[in-house]
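Note sheet for the following structure.
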Amino acid sequence: MDAPAFASGEVAVFQAKTQRHARRQLSSKQLVELQLWLSERKSGWSPFGKIPPETVIELIDMEGHKFHIRVTNSTVMANGKFKSFPEKEIFGLKSVLGISDDK
């Protein structure tokens with residue numbers, strides 16, 4: 001999958017036990033790091049099914065198009081494609097987004 005350059009973005013982290021979530025804007029640095037993370041992992045993506053996300057990232061690319069990313073403990077879904085990753089890779093993505101698992 002080719003990741004576009006992002007102009008803006010927001011992340012929402014869901015807590016399944018409490019049904020609460022927190023939303024915040026991503027910084028310019030986080031947008032660049034997210035684009036790089038996706039670009040470095042561009043092969044192996046497949047159409048996705050319905051999996052409830054823990055983290056939702058809503059982005060706008062430089063041309064004004066929406067780009068959605070959903071993250072579970074082992075899967076990343078981005079604009080209609082999904083790919084499974086080892087826990088270490090998911091942790092790295094969450095680190096890019098400023099999310100810790102102890103929330």
Residues forming a side chain to side chain contact (heavy atoms under 4.5 Å, CB included) with Glu10, sequence neighbours excluded: Arg23, Gln25, Glu58
For Ser95, all residues meeting side chain to side chain contact (heavy atoms under 4.5 Å, CB included), sequence neighbours excluded: none
Applying side chain to side chain donor-acceptor pair (under 3.5 Å), can you list everything that pairs with Glu33, at least two apart in sequence or on another chain? none
Taking side chain to side chain contact (heavy atoms under 4.5 Å, CB included) as the test, write out the residues that go with Lys66, two or more places apart. Ile60, His68
Residues that Leu93 engages under side chain to side chain contact (heavy atoms under 4.5 Å, CB included), provided they are two or more places apart: Leu34, Trp37, Val71, Val76, Leu97
Just verifying a value: how many Å separate Lys42 NZ and Glu40 CD, rounded to the nearest 0.5 Å? 11.0 Å
Separation of Phe67 CZ from Asn79 CG (nearest 0.5 Å): 4.5 Å
Among Leu26, Leu38, Val32, Ile57, the one residue meeting side-chain contact (heavy atoms from CB on, under 4.5 Å) with Phe6: Leu38
Heavy atoms only: give me the nearest Gly98-Arg24 pair and the separation to one decimal. O-NH2, 3.2 Å
Is it true that a side-chain atom of Gln35 and a backbone atom of Ala5 form a donor plus acceptor pair closer than 3.5 Å? no
Looking at residues at least two apart in the chain, or sitting in another chain, which of them share a side chain to side chain donor-acceptor pair (under 3.5 Å) with Ser27? Gln30
Measure the spacing between CZ of Arg70 and OG1 of Thr55 and express it to the nearest 0.5 Å. 11.5 Å
Check Ser84 against Thr75 and note the closest heavy-atom contact, atom names and distance. OG-OG1, 3.9 Å
Could you tell me whether a side-chain N or O of Lys83 sits under 3.5 Å from a main-chain N or O of Ala78, the two making a donor and an acceptor? no
